[in-house]
Amino acid sequence: MRKEIHVVSNPDGGWDAKRPNADRASKHFETKKEAMDWGRNLAKKEGAELIPHGKDGKIQNPNSYGNDSCPPKDMKH
């Protein structure tokens, strides 16, 4: 099972960094940028995937910092 960190909007305001299926957030932030920065550092440290969500809950541009099971085919970038 791959490690994931989700950045999601909190219904009471602000943003949360959460593990999948967690009842509580790992950490709460006032801005999405703060949550993304913290989540990115943790994902790099743990070799996990960072999965940001928009306010509507839809996934936006996930990024893998570990062993990606589906690496990009374009190796130029």
- Task: Taking all heavy atoms of Pro52 and all of Met36, pick out the closest pair and write down the distance.
- Result: CB-SD, 3.5 Å
- Message: Working note: Lys18 + His53, criterion side-chain contact (heavy atoms from CB on, under 4.5 Å); need CA distance, chi angles, decisive distance, verdict.
- Response: CA-CA 11 Å; Lys18 293 180 71 170; His53 296 255; over 6 Å; no
- Query: Do Tyr65 and Arg40 have side-chain heavy atoms sitting under 4.5 Å apart?
  - Reply: yes
- Is a side-chain donor or acceptor of Asn10 paired with a backbone partner of Asp12 at a separation under 3.5 angstrom? yes
- Message: What verdict does the side-chain contact (heavy atoms from CB on, under 4.5 Å) test give for Trp15 and Val7, after you've listed the backbone C-alpha separation in whole Å, the side-chain angles of each residue and the deciding distance to 0.1 Å?
- Response: CA-CA 7 Å; Trp15 292 84; Val7 173; 4.2 Å; yes
- Item | Under 3.5 Å donor-acceptor, Lys44 side chain and Gly39 backbone | no
- Query: Is it the case that one hydrophobic cluster holds both Val8 and Phe29, taking links as side-chain heavy atoms less than 4.5 Å apart, direct or via other members?
  - Reply: no
- Message: For Gly54 versus Lys32, what's the shortest heavy-atom pair and its separation?
- Response: CA-NZ, 4.2 Å
- Message: Suppose we screen for side-chain contact (heavy atoms from CB on, under 4.5 Å). Which residues come up paired with Asn41, at least two apart in sequence or across chains?
- Response: none
- With sequence neighbours excluded, residues passing side-chain contact (heavy atoms from CB on, under 4.5 Å) with Lys58: Asp56
- Query: What heavy-atom pair brings His28 and Gly13 nearest, and what distance separates the two atoms?
  - Reply: CE1-O, 3.0 Å
- Message: Walk me through whether Arg19 and Ile5 qualify under side-chain contact (heavy atoms from CB on, under 4.5 Å).
- Response: CA-CA 5 Å; Arg19 301 281 183 176; Ile5 300 161; 4.0 Å; yes
- Item | Contacts of type side chain to side chain donor-acceptor pair (under 3.5 Å), residue Lys27, not counting sequence neighbours | none
- Message: Within this structure, what is the CG-CG distance for the pair Asn61 and Leu50, rounded to the nearest 0.5 Å?
- Response: 9.5 Å
- Task: Heavy atoms only: give me the nearest Glu46-Lys3 pair and the separation to one decimal.
- Result: O-NZ, 3.4 Å
- dist Ser26:OG -> Leu42:CG (nearest 0.5 Å) comes out at 7.5 Å
